[in-house]
Amino acid sequence: MTKFATSVKKVDNEDKCKGAALFVDDIKMDNMLYAKSIRATIACGEIKSIKLPKLPEGYYFIDKDDIKKENVVNIIYSDWPIFCTGHVNYYGEPIGLLVGENRGKLEELAKQIEITYKEETPIFDYSKSYIHKEYTKGDYASAKKRAVKVIKESFESGYQEQAYLEPQGMLVYPDPKIKDKLICTGSMQCPFYIKRAVMRSTGLGEDKVRVIQPAVGGAFGGKEHYPSLTGSQLAAAVIKTHRPVKMVFDREEDIKFSTKRHPSRTDLEALIDKDNHIIGLKAKIHLNGGAYRGCSGVVLSRALIALTNAYTIDNLDVVGDAYMTNTVPTAAFRGFGSPQTIFAMEMFIHHIAKDLGVDALELRKKHLVKQGDVTANSGHFHDPIILPEIIEKAISMSGYDKKIKEYSKPGCNKGIGMSLFLHGCGFTGSGESDLIKAKVKLIKDEKDHVYVYASSVDMGQGNKTTLKRIVSKNLGVRDDQVTFDNPDTDMIPDSGPTAASRTIIIVGFLMEKAAKNLKKIWKKGVRQEIVEPYVGPTYIKWDEDTMQGDAYPSYSWGANVVEVSYDPTTYQISIDGVWSVYDCGRVVDERIAFGQADGGIVQGLGYGYLENEVTDEIGRFRQKNLSDYIIPTAKDMPHLETAFIDNPFVYGADGAKGLGELTLVGGAPAVALAIENAIGKKVNKIPATPEYIMELVTNGKD
Amino acid sequence: MVKKCIATSLNEALLFLKDGEVTIVSGGTDVMVQRRNVAGELPLHDKNVLYLKNVKELYYIKEDGDGLHIGAETSMSDIIADKRVPKILRECLEEIASVNIRNSATLAGNIANASPAGDSIVIDNLLDAKLKLSSVRGSRFVDAKDFVIGVRKTILEKDELIEEIVFPRRDYNHLYWKKVGSRKADSIAKLSFAAAYKLNKNKIEKMRIVFGSVSIKPAQNKSLEDEFIGLSVDELKAKIPYFVDSYRQVISPIDDQRSTKKYREIVAMNLLREFLENIK
Amino acid sequence: MEKIKFNLNGKDVSIEVDPSSRLIDVLRLNYGLTGTKEGCGEGSCGACVVLMDGRSVNSCLLPMANVINHKIVTIEEFSKSKAYECIKEAFSSLGGSQCGFCTPGMIIASYALLKKNPHPSEEEIREHLSGNLCRCTGYEAIVSAVILASKKGEGLW
């Protein structure tokens, strides 16, 4: 029986409920200027000329020539310019900023800017690879000789917009006390990413850039890298104007030009032996990376690694490419590559079962990953795996086994689907130990009050509460004896980005150790300080070039069951039931864990059946506001039932593993499988909109 | 410089409408989106603006011999709450946007906005509603179905406003409304379908069929509606393929960011077929 | 410019503004009431919801002309009430607020519902809150918080 962690009051609740929490747009400074992005209006081509109107006093135009040092956004691949270099690579690429006191005036001036171009033919398809990755396992070629059946299919997924409720916004201002020092505050996930980006673009030193996090209204990956771009742009503006400069996007600008989830196509070929066993899988994965690589290499890598999902397949031949297209660059989004391939794999294994005439759940059970199994990348699943218990629990909660049979009868217009999935926690491979090298700090003052210093941003997921709780619990002090303020890079060590489901498993683990160590040396009434560096499991070895080894320090697991009803007149889907079971090691705070679970599955379901975003003939997004880009409302969702099963991880805080992304990845395949069950046709594409379902019902394969 | 008038009486409003082109603002829920500027800046009005929300005499729902009268400034929420209002209109309004918006938005505004995706105008047509258009020159009544003439184009003269909407009494046996949106709430219609019939001694005595969001204005065809009259239920059923084929020619859906031409056409015909098949 | 008189958070006020100004801008910029948030500027998200005569409205779509002689209550004032305390406690104990950006609008919309219908069904809650988007909670905790508040807050609405 699972023993849940109880919950404490979420620390930021009071301020957030009464509207007192300050988000970036709530901050106004004396002498503050506003910035407006001037953007390219073609998808691809050379800028021939830029003609500015006469700017009134106090109004400025900032462009690539105002970048003091390097005109690149500091992301993994340094190919994304802060301001267009002269060659436009996507519609909406920022060419410059208009900066001035009055936002209305900026709008007027912006309309008077004349830019001429020499247009080139843009690319929108999967034809120009700019990142390639591949790996093999076993011997696919010889497995193919043993195969009695080869099954091929393709799966596609679309864009997904993070749709955090607070749009992107950034405010950069000169430090009032220290000359030439810049302070950045804004909606963000990773304070140190912004700090390093601004240092790189301005040439300012470590001590001359400070990043302070205000309240952040949701992020979901969308504020992992993008604020490095806006922060760098505004830094250039502040250096030129010596005044605070703020830029807050309205919803339309945010949807049109900020990064989204990579659209994908996954071509799969499965080898089946005489015992209906999947002995081989060949995959070619395509991701639309947009105009610049940014972090697409890592997204691609994680997409490839996640391919075999919760199944062990002995022979693999996996290649993947990220493709340059003349569209807005795609980047981080909760799940980071795995939602695309896990969707493909979950659908494919069902389709294989159908083709073989065997029960899909049985086929899946036969291939389930077990502790000690060799991973897709020839590493090992080191830790205990409780998938059979997860499945059993999901079935008992949902009645999946009975319903799937009942709903398979034609004409009942109901369907049920169950996805199984895993999510790798933390950075890929040994990245945590080798690259991130996270540190946390605890300071105890003379009054025995403890301050937590870490760069983890609470963007709603509650880590101000959970991390603080880990500290107070391990110190054995009252909760109100511990303070965890929003990160300020002048005060905190770099404990890494708030990304990759790493906060609890990595930063939380560090907090636990730091607190335990502080407890050991605790002296009443004395100021004490502890800095704790990350030391991960030494058995984790990974080679990114060959993609061989242990891809992650650990994995979290889950199952989602979704029940739908289907309207054969309008091809619409209604979600009637959602049941989820997760193994995230051990839950730190029950209420916060449920919050992650509920929000994640709904975002995953939206990805699967509702959230449609497509581009037009010049690469512009056609759905550019929240009335056309449709996310679920309260009415679209039923009551959500969730259970956690304990499976403590040795290197996690109190046994905890990652949870944030895990809760999203199974939503799309679960709803797509339910739709498939309801309509009796194979679903190969998400979002499975009514328009697509209509195509399937009229022409699709059984 | 555009002039702005916060009218407090109908007379004041009509006088203001007399000179120049005017944007009329009722609840503001459409105009404020269409004229939106950056945050903190005034909406971009290029015409004079008339604010009608303070004209208290336009807040009413009343019944008389002609039927039910709804004053132009009555909010959708108030209309929904009034049980005298035809149920099908209330159901239709309940599917427009959200409670928050319906607390401000008006039926007259939804009609005057003349969006091809407008919902209430479909029901107004179905119920043979009349609009009272008023100006300093006087008032005239027009059929709701003749009001919209194009995308955001109406027959409203420059100096006119919608003063009220009148719903005559009707005695249909059955009324049907279906909005096909992209989600269950707060969505703009991909298409909508409304229909009503009256049966007398197993024969169709009256038929109304209106499609929304599949043409620049609600699609309705009087002569096709007349073809139903006098048919017995069995005769009607036999002619369903004919009616579906005929109505397919009445609509002219398009591809846009919300749906496809094909989906709109097929679903519109599915809804029509289903409706006709269910006539008993 | 016009002199616009209305009641803001219990006080009669008068402000010289263009009648087309959006209520949200007047609240945030002229009165510094930043608890009202702008998430979309077109009435889709509900982060800007305030009370007008006790009903929930999108302040991003309200021209000041439409506010004349009406009572506007923002989260800053509402948060001093017992009704708020009850809803907030329910949100807190069940996890109805995560990033907090939708929260003030969500709480105001929840109150407007309970005022109209003190014992709403789950379906009525979902319907009423469908103009208030949340991307963090999946609505689960919010809906159960409203149910809890309706049970605990008898007589408060």
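Chain identifiers are assigned alphabetically (A, B, ...) following the order of the sequence lines, protein sequences preceding nucleic acid strands; residue numbering begins at 1 within each chain.
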Heavy atoms under 4.5 Å from chain A: which residues of residues 26-38 of chain C carry them?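 Only C:Arg28, C:Thr34, C:Gly35, C:Lys37, C:Glu38 of residues 26-38 of chain C have a heavy atom under 4.5 Å from chain A.
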May I ask you to list the residues in residues 105-119 of chain C that approach chain A closer than 4.5 angstrom, counting heavy atoms only, ordered by number?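 The stretch touches chain A at C:Ile107.
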I'd like to verify something: which residue of [options] has the highest number of heavy-atom pairs under 4.5 Å with chain C?
| options | answer |
| --- | --- |
| A:Asn13, A:Asp26, A:Asp12 | A:Asp26 |
| A:Thr465, A:Val578, A:Val216, A:Asn625 | A:Asn625 |
| A:Asp25, A:Asp458, A:Leu22, A:Ile601 | A:Asp25 |
| A:Asp636, A:Asp598, A:Val602 | A:Asp598 |
| A:Gly19, A:Ala634, A:Gly599, A:Ala163 | A:Ala634 |

Please check if any side-chain donor atom of A:His639 sits under 3.5 Å from a side-chain acceptor atom of C:Glu140, or the reverse.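 A donor-acceptor contact under 3.5 Å links the two side chains.
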Answer yes or no: is there a donor N or O on one side and an acceptor on the other, between the side chain of A:Arg591 and the main chain of C:Ser93, under 3.5 Å?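 The answer is yes, because a donor-acceptor pair under 3.5 Å joins these two groups.
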Side-chain contact, heavy-atom cut-off 4.5 Å: A:Gln162 with C:Arg135?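 Not touching, per the 4.5 Å side-chain cut-off.
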Do C:Cys136 and A:Tyr164 come close enough that some side-chain heavy atom pair is under 4.5 Å?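 SC-SC contact between C:Cys136 and A:Tyr164 ruled out.
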Side chain, backbone, both or neither: which part of [X] has an atom under 4.5 Å from a heavy atom of chain A?
| X | value |
| --- | --- |
| C:Tyr84 | side chain |
| C:Glu124 | neither |
| C:Tyr139 | side chain |
| C:Leu94 | backbone |
| C:Thr137 | backbone |
| C:Glu127 | both |

Top contributor to chain A contacts, counting heavy-atom pairs under 4.5 Å, from C:Gly131, C:Gly138, C:Cys99: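 Top option by heavy-atom pairs under 4.5 Å: C:Cys99.
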Max heavy-atom pair count under 4.5 Å with chain A, selected residue of C:Gly41, C:Gly39, C:Ser130, C:Ser79: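 Option with the top pair count is C:Gly39.
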Part of A:Met459 within contact of chain C (heavy atom distance under 4.5 Å):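 Backbone only.
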Between A:Pro632 and chain C, which part of the residue has a heavy atom less than 4.5 Å away: side chain, backbone, both or neither?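 Both the backbone and the side chain of A:Pro632 come within 4.5 Å of chain C.
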Check the surroundings of atom [atom1] in [X]: do more than 12 heavy atoms from other residues, nucleotides or ligands lie under 6.0 Å from it?
| X | atom1 | result |
| --- | --- | --- |
| C:Glu122 | CD | yes |
| C:Glu16 | CD | yes |
| A:Asp480 | CG | yes |

With sequence neighbours excluded, tell me which residues meet side-chain hydrogen bond (donor to acceptor under 3.5 Å, both in side chains) with A:Lys9.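 Listed in chain order: A:Glu14.
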How long is the gap from [atom1] on [X] to [atom2] on [Y], to the nearest 0.5 Å?
| X | Y | atom1 | atom2 | result |
| --- | --- | --- | --- | --- |
| A:Leu165 | C:Gln98 | CG | CD | 11.5 Å |
| A:Leu626 | C:Glu42 | CG | CD | 6.5 Å |
| A:Asp15 | C:Thr103 | CG | OG1 | 11.5 Å |
| A:Ile631 | C:Leu133 | CD1 | CG | 4.5 Å |
| A:Cys17 | C:Ile87 | SG | CD1 | 10.0 Å |

Taking non-hydrogen atoms and a cut-off under 4.5 angstrom, which of residues 248-258 of chain A neighbour chain C?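 The stretch touches chain C at A:Arg251.
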Before you tell me yes or no, could you show the steps for A:Lys18 and C:Lys88 under side chain to side chain contact (heavy atoms under 4.5 Å, CB included), namely the whole-Å CA-CA distance, both residues' side-chain angles and the distance that decides it to 0.1 Å? CA-CA 8 Å; A:Lys18 68 180 182 202; C:Lys88 184 212 67 183; over 6 Å; no
Side chain to side chain contact (heavy atoms under 4.5 Å, CB included) between C:Ser92 and A:Lys10: does it pass, once the steps are laid out? CA-CA 7 Å; C:Ser92 298; A:Lys10 202 160 167 279; over 6 Å; no
